[in-house]
Amino acid sequence: MAKKILIGITGASGFIYALRCITHLKAANVEVHVVMTKAAQITRSQEVKLSLTELKKSVDYFYPIEDIGASIASGSFQHDGMVILPCSMNTLAEMACGITNNLLTRAADVCLKERRTLIIMPRETPLHAIHLKNMTTLSELGAIIYPPMPAFYQHPQSLEEMVDHTLGRILTLLGISQGLTPPWQGWR
Ligand SMILES: Cc1cc2nc3c(=O)[nH]c(=O)nc-3n(C[C@H](O)[C@H](O)[C@H](O)COP(=O)(O)O)c2cc1C
């Protein structure tokens with residue numbers, strides 16, 4: 001059976017991470033469910049050329065952020081993990097406090113309470129103590145805090161390559177085989 005992965009997109013910079021993650025998941029025959037915040041509509045329009053209609057067509061399920069009665073709001077809906085990328089400090093704070101007043105934060109809260117894989121890609125700099133405390137809280141609850149940290153030792157030739165290098169490890173964490181981030185072979 002195909003894996004089911006939830007993608008949450010927020011209004012932090014880095015919409016390209018979500019787009020390319022969706023592309024790689026679809027290429028791996030994953031069933032992709034997407035929910036995005038209202039602020040993510042702004043970053044989408046500022047940062048990528050893809051329209052909302054095109055985005056909706058590229059995924060299997062797209063949920064309105066206010067649809068708190070959607071399947072992914074319930075722990076009874078089985079899936080194989082959720083990735084929030086990029087994750088704003090606002091959504092990070094809501095999740096750390098257990099606030100679930102939209103479908104994205106509710107679906108994330110379900111992952112935490114059901115002990116399912118939740119990968120959070122926070123994006124902000126510099127970070128103040130509340131940001132750091134929120135990440136610690138979520139990490140203690142079992143979430144994986146996965147900031148985008150480009151590596152330079154593989155000499156990326158494009159923005160896409162740099163983004164994909166970051167995404168490869170996320171696919172691995174989700175149990176999906178990938179060729180984006182070849183394992184380090186030591187000095188050869
Ligand atoms: C172009 C743009 C870039 C932004 N980048 C960031 C960012 O990198 N990190 C962040 O925490 N907020 C960023 N923001 C602010 C968030 O969008 C804002 O805090 C919003 O309330 C987040 O809402 P959400 O968590 O519901 O998506 C950005 C806003 C805009 C318009």
Side-chain angles (χ1 to χ4, degrees), residues 5-22 25 32-56 58-59 61-73 81-113 116-152 156 159-160 162-167 169-170:
I5 300 293
L6 269 51
I7 299 290
I9 315 174
T10 79
S13 185
F15 203 93
I16 189 172
Y17 284 106
L19 273 196
R20 292 192 73 80
C21 188
I22 289 167
L25 290 174
V32 178
H33 298 243
V34 171
V35 59
M36 63 191 273
T37 66
K38 288 182 180 149
Q41 303 282 12
I42 300 173
T43 47
R44 180 196 55 75
S45 67
Q46 294 288 316
E47 296 185 349
V48 299
K49 293 207 171 76
L50 197 84
S51 70
L52 183 59
T53 309
E54 288 167 324
L55 174 65
K56 286 180 181 175
S58 72
V59 301
Y61 296 88
F62 185 96
Y63 304 93
I65 188 72
E66 65 280 356
D67 185 7
I68 210 66
S71 57
I72 60 171
M82 179 172 187
V83 190
I84 302 177
L85 77 172
C87 183
S88 69
M89 295 303 101
N90 173 65
T91 292
L92 186 86
E94 289 183 354
M95 291 188 294
C97 292
I99 294 172
T100 61
N101 65 0
N102 69 42
L103 183 59
L104 191 156
T105 50
R106 169 62 189 171
D109 200 69
V110 167
C111 287
L112 295 172
K113 81 183 176 73
R116 295 200 187 124
T117 301
L118 175 63
I119 302 172
I120 298 170
M121 182 191 279
R123 197 276 158 198
E124 187 51 279
T125 195
L127 299 164
H128 61 54
I130 297 174
H131 300 148
L132 295 165
K133 282 177 190 165
N134 287 337
M135 286 184 221
T136 301
T137 299
L138 288 162
S139 177
E140 285 169 354
L141 287 169
I144 298 170
I145 306 296
Y146 191 106
M149 301 275 190
F152 297 93
L159 176 62
E160 287 73 19
M162 194 176 264
V163 166
D164 286 352
H165 188 269
T166 294
L167 293 175
R169 297 277 296 279
I170 291 184

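The basis for the numbers below is simple: all heavy atoms, side chains too, and nothing from hydrogens, waters or symmetry mates. Ligands are counted one by one from 1 in listed order, and the atoms in each one are counted from 1 as well. Sequence positions, counted from 1, serve as the residue numbers for this chain. Note that the structure is predicted; figures quoted are calculated from it, not measured.
Other residues, nucleotides and ligands place more than 12 heavy atoms under 6.0 Å from the CZ atom of Arg116.
Sorted by chain then number, the residues whose non-hydrogen atoms approach ligand 1 to under 4.0 Å are Thr10, Gly11, Ala12, Ser13, Thr37, Ala39, Ile42, Thr43, Ser88, Met89, Asn90, Thr91, Arg123, Glu124.
Between the side chain of Thr10 and the main chain of Ser88, a donor-acceptor pair closer than 3.5 Å is present. Under a 3.5 Å cut-off, the side chain of His131 and the backbone N or O of His128 do form a donor-acceptor pair. Distance alone, capped at 3.5 Å, places no donor-acceptor pair between the Arg44 side chain and the Phe15 backbone. With Tyr63 contributing its side chain and Leu104 its backbone, the two residues share no donor-acceptor pair below 3.5 Å. No donor-acceptor pair closer than 3.5 Å links the side chain of Glu47 to the backbone N or O of Ile16.
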